[in-house]
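Read through the structure below, which is laid out as structure tokens, and then see the notes.
Being a predicted model, the structure only gives us computed values, none of them experimental.
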Amino acid sequence: MGKRLGVRQWLALKLFKKLRKIRAEEHVLNTLFWECTLRCNLQCRHCGSDCRVDSALSDMPAKDFFRVLDNEITPNVNPNKVLIILSGGEVLVRKDLEQIGINLYRRGYPWGMVTNGLALTRQRLDSLIRSGLHSITVSLDGFEEHHLHIRQNKESFGRAVEAIRMISADKELASDVVTCVTPALLPHLHRFKEFLYSLGVRQWRLFTIFPVGRAAEDMSMQLNDEEFTYLMEFIEECRKEGRVMASYGCEGFLAGYEMRVRTNPFECHAGIGVASIRVNGDISGCTSVRANFTQGNIYKDNFWDVWQNRFEKFRNRAWAKKGKCADCKMWQYCEGNGMHLYDDDENLLVCHYHRLTK
Amino acid sequence: MLGRILTKLFALFGMTLTCVACYGTPYDEYRPYFRASGRVVDEAGNPIPGIEASLGGNHAQSNDNGRFYVENLDYDLLTLTDIDGEENGGEFESKEIELRYQGQNDIGVVTLERKNKEN
């Protein structure tokens with residue numbers, strides 16, 4: 001465990017290495033993010049959404065997105081198997097969300113959204129479900145004191161809790177809760193897990209904050225290496241217990257914790273199965289990947305041409321074998337961590353493997 | 001081919017390999033929201049094959065055990081209609097059932113009444 005691989009992990013990672021190469025070659029699109037707005041009803045301390053983009057940037061008109069979807073994507077995919085995730089900003093600020101949803105649904109696309117829950121009333125959730133909402137994630141960053149410290153809005157905790165209660169009770173919705181774990185929350189994780197369980201939560205994704213966006217300068221938001229390792233142990237314990245299926249976000253290779261804190265071996269899906277269209281039309285992998293990895297723009301390029309013929313840096317990571325990674329024995333399984341963990345100069349900001357202390 | 005074999009191998013160990021994208025939502029494939037299944041029988045409890053189950057423009061017929069399944073995007077009124085007259089055990093009255101919610105609606109056993117021949 002810890003930094004060392006067990007025999008089963010070693011074998012699984014060896015096999016997965018082959019599969020990852022095939023998946024990169026095939027790059028079957030299964031998830032498309034649409035950053036439909038950068039407007040938000042909160043100003044969170046840790047927001048990495050995109051602080052460097054002008055907040056006055058207007059929402060992308062739905063007709064621009066549907067033009068790309070209808071002309072460039074739908075003819076090339078099975079819509080039933082491409083999850084469209086509306087992201088922001090906070091997507092609930094868009095008044096045409098239901099209209100967008102029903103138009104996706106009628107085209108056969110499952111769709112989902114990530115929300116802070118502040119504006120998710122019973123009435124709004126019902127109307128989104130009527131518009132074909134399939135999948136939803138609500139963020140809750142701890143008990144009230146932790147959540148409010150990060151979210152900076154008095155109503156944000158109560159509303160998020162109510163939103164979680166509603167989505168967890170709906171058996172038709174695929175749902176989970178995401179939590180950014182801060183040092184302040186760490187000692188309370190067991191109690192917080194029980195709290196989530198009492199709300200009906202059975203799937204829980206935990207993240208640590210990486211140094212991008214507003215959190216970059218705020219060290220109180222980031223775990224030290226011991227705390228990070230403790231978090232892995234906590235997640236593993238939760239999974240063994242089985243009441244709440246906790247998992248670590250997909251962002252980093254975790255050596256001996258691989259397949260113990262997540263169901264699947266580490267793989268950065270950006271550009272392999274995941275693409276995004278950002279609010280300004282940029283085409284990339286996940287929305288969190290930095291702007292210098294942008295592969296095209298829907299207002300200039302054909303999305304499908306871009307998806308098929310670009311994304312070289314996402315699919316062949318040889319360029320990332322430098323610095324700490326150059327001689328790392330885990331490179332073959334990790335290939336340089338998540339794409340969103342690179343800065344504008346293409347240097348890795350965080351290595352999860354090297355953070356493990358055991 | 002190798003990719004498919006490896007994917008299936010991982011699936012055997014519970015790894016679907018379509019995991020949640022970073023900062024995304026749980027992966028989910030499309031499914032029509034109104035889905036209805038059930039079983040049609042006559043007054044004596046005998047299954048009725050060949051009954052048409054309709055949701056909007058989508059139709060399906062009950063099988064030899066009287067079981068049916070039909071789905072549609074956004075239509076919540078299920079109609080059960082005898083479309084073969086006297087075949088399959090006689091002629092039965094139609095029935096409309098409002099689906100209670102989006103998603104899977106298990107209607108259970110539905111008894112259809114025989115048409116009154118004097119009418």
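- The part of A:I136 that comes within reach of chain B is its backbone (N, CA, C, O), which places non-hydrogen atoms under 4.5 angstrom from that chain.
- Note that CG of B:L99 and CG of B:L77 are 7.5 Å apart. Values are rounded to the nearest 0.5 Å.
- Both the backbone and the side chain of A:S135 come within less than 4.5 Å of a heavy atom of chain B.
- Ion pairing of B:E91 with B:K115 is present here, as a side-chain N (NZ or NE/NH1/NH2) and a carboxylate O approach within less than 4.0 Å.
- There is no contact between A:R262 and chain B, counting heavy-atom distances below 4.5 Å.
- For the residue pair A:T287/A:E35, the side-chain donor-acceptor check at 3.5 Å is not satisfied.
- Between chain B and the options A:I22, A:V178, A:N80, heavy-atom pairs under 4.5 Å are most frequent for A:N80.
- Electrostatic pairing of A:R130 and A:D126 does not count as a salt bridge here, judged by no charged N lying under 4.0 Å from a carboxylate O.
- Cation-pi geometry between A:R315 and A:W307 is met: under 6.0 angstrom from the ring centre, within 45 degrees of the axis.
- Within the 4.5 angstrom heavy-atom criterion, only backbone atoms of A:S175 (N, CA, C, O) approach chain B.
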